[in-house]
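Contents: one structure, followed by commentary.
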Amino acid sequence: MEAQYLRAFYDLASWIRLAPLLNGPYLPFSAWSLRPGALVKLLDDIALNDRKVIVECGSGTSTIVFARYLAERGHGNVLSLEHDEKWATWVDRQLTREGLGDVARVVHAPLAEHPAAVKRVEWYEPDTVTAEVGAFTGKHGPVELLLVDGPPGWEQDRKMARYPAVPVLKDLLAPGASVMLDDVNRSEGVEITKRWADECGLRMDLDPYGTRTAFGTYPG
């Protein structure tokens, strides 16, 4: 019970800190959205380490909040990969409505077989990832922050769906880049972080405040 109260307090404190970036058009939150504490941790990393090149696996409220902050700050860009075409369209239109289309962009990347996948679990379509992320980093430089919040991995046969993110994108990560994995509270999330450590040298620490995330720094 004490841990539950601690999580609730941390979420409330995080909402208060996020208030300046939420003072705009309504943004939908769901049970699958990043917890506010995780969003604050990412924004702190962007601010304190001057992150300018951000890639997300999975788009949503975080995409728009990042874009609002980067636009306010005056520099930085976000690219989000999204498997759900309807949701990708909504987020991209919201960015356009807010005049943030030059800061952030959502790419519809359907799920497909990927050579880096575990047990043939589909990930984002390989050619789309190669072309879009390659063009993005070619223009803006290596990725300084990678948020892995997609594709969905809660179905029984998709437990390792988020594993390919680091193996596929590691050569595009800047030395010292930050990586966050969401929904790591499930057992497969821990397995993913262990595989990233063994195969890519990326050590991830579980967040102690119940945000369901693990955070690490890519050694490069």
Side-chain angles (χ1 to χ4, degrees), residues 15 18 21-36 38-39 42-43 53-71 76-114 116-118 120-137 139-140 143 145-165 168-169 180-186 188-189 192 211-213:
W15 281 124
L18 289 167
L21 293 172
L22 299 177
N23 186 22
Y26 173 77
L27 299 178
F29 281 83
S30 72
W32 303 111
S33 298
L34 276 179
R35 293 181 71 97
L39 194 49
L42 289 165
L43 286 164
V53 186
I54 301 168
V55 169
E56 294 182 298
C57 296
S59 66
T61 298
S62 60
T63 313
I64 298 169
V65 171
F66 291 159
R68 288 177 180 176
Y69 176 74
L70 295 176
N77 294 89
V78 183
L79 177 71
S80 296
L81 303 173
E82 176 57 55
H83 79 285
D84 186 321
E85 186 172 13
K86 182 178 179 181
W87 183 239
T89 299
W90 187 90
V91 177
D92 215 37
R93 285 177 178 171
Q94 184 62 32
L95 291 167
T96 300
R97 283 192 289 265
E98 295 190 29
L100 299 170
D102 291 336
V103 178
R105 188 165 68 92
V106 181
V107 172
H108 175 228
L111 300 183
E113 288 191 6
H114 198 288
V118 176
R120 302 177 67 87
V121 176
E122 293 179 333
W123 197 62
Y124 302 110
E125 199 278 320
D127 290 343
T128 301
V129 173
T130 299
E132 294 289 349
V133 182
F136 180 71
T137 55
K139 181 177 181 180
H140 299 292
V143 179
L145 172 61
L146 173 63
L147 169 58
V148 185
D149 193 19
W154 58 81
E155 297 95 337
Q156 185 59 38
D157 59 347
R158 291 192 51 78
K159 297 296 186 180
M160 295 293 287
R162 298 179 181 179
Y163 162 76
V168 171
L169 300 176
M180 178 178 278
L181 173 65
D182 192 29
D183 299 318
V184 76
N185 54 308
R186 298 191 294 261
E188 65 276 3
I192 289 171
T211 59
R212 307 183 309 213
T213 61

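From a predicted model like this one, the values you see are computed outputs, not experimental measurements. Sequential numbering from 1 along the given sequence is applied to the chain's residues.
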Report task. Evaluate side chain to side chain contact (heavy atoms under 4.5 Å, CB included) for Leu43 paired with Leu18, printing each intermediate quantity in order. Result -> CA-CA 9 Å; Leu43 286 164; Leu18 289 167; 3.4 Å; yes
Are side-chain heavy atoms of [X] and [Y] found at a separation under 4.5 Å?
{"X": "Phe66", "Y": "Leu21", "value": "no"}
{"X": "Trp123", "Y": "Leu111", "value": "no"}
{"X": "Leu27", "Y": "Arg68", "value": "yes"}
{"X": "Val133", "Y": "Val168", "value": "no"}
{"X": "Val53", "Y": "Leu79", "value": "no"}

Check whether any side-chain N or O of [X] sits under 3.5 Å from a backbone N or O of [Y] as a donor-acceptor pair, and report yes or no.
{"X": "Arg158", "Y": "Glu122", "value": "yes"}
{"X": "Arg162", "Y": "Pro151", "value": "yes"}
{"X": "Asp92", "Y": "Val106", "value": "yes"}
{"X": "Trp15", "Y": "Pro36", "value": "no"}
{"X": "Asn77", "Y": "Asp102", "value": "yes"}
{"X": "Arg35", "Y": "Thr213", "value": "no"}

Search all heavy atoms of [X] against all heavy atoms of [Y] and return the closest pair with its distance.
{"X": "Lys159", "Y": "Ile192", "result": "O-CD1, 4.4 Å"}
{"X": "Val143", "Y": "Leu145", "result": "CG1-O, 3.3 Å"}
{"X": "Leu147", "Y": "Ser62", "result": "CD2-OG, 3.9 Å"}
{"X": "Ala165", "Y": "Val148", "result": "CB-CG2, 3.7 Å"}
{"X": "Ala88", "Y": "Glu82", "result": "CB-CG, 3.7 Å"}
{"X": "Trp90", "Y": "Tyr26", "result": "CH2-O, 4.5 Å"}

Using 0.5 Å steps for rounding, measure from the [atom1] atom of [X] to the [atom2] atom of [Y].
{"X": "Cys57", "Y": "Asp182", "atom1": "SG", "atom2": "CG", "answer": "12.0 Å"}
{"X": "Leu34", "Y": "Leu39", "atom1": "CG", "atom2": "CG", "answer": "6.0 Å"}
{"X": "Asp127", "Y": "Glu132", "atom1": "CG", "atom2": "CD", "answer": "11.0 Å"}
{"X": "Ile64", "Y": "Arg97", "atom1": "CD1", "atom2": "CZ", "answer": "8.5 Å"}
{"X": "Ser59", "Y": "His108", "atom1": "OG", "atom2": "NE2", "answer": "10.0 Å"}
{"X": "Leu81", "Y": "Leu169", "atom1": "CG", "atom2": "CG", "answer": "7.5 Å"}

Requested in this report: Might you confirm whether atom CZ of Arg93 has over 12 heavy atoms from other residues, nucleotides or ligands at distances under 6.0 Å?
Outcome: no
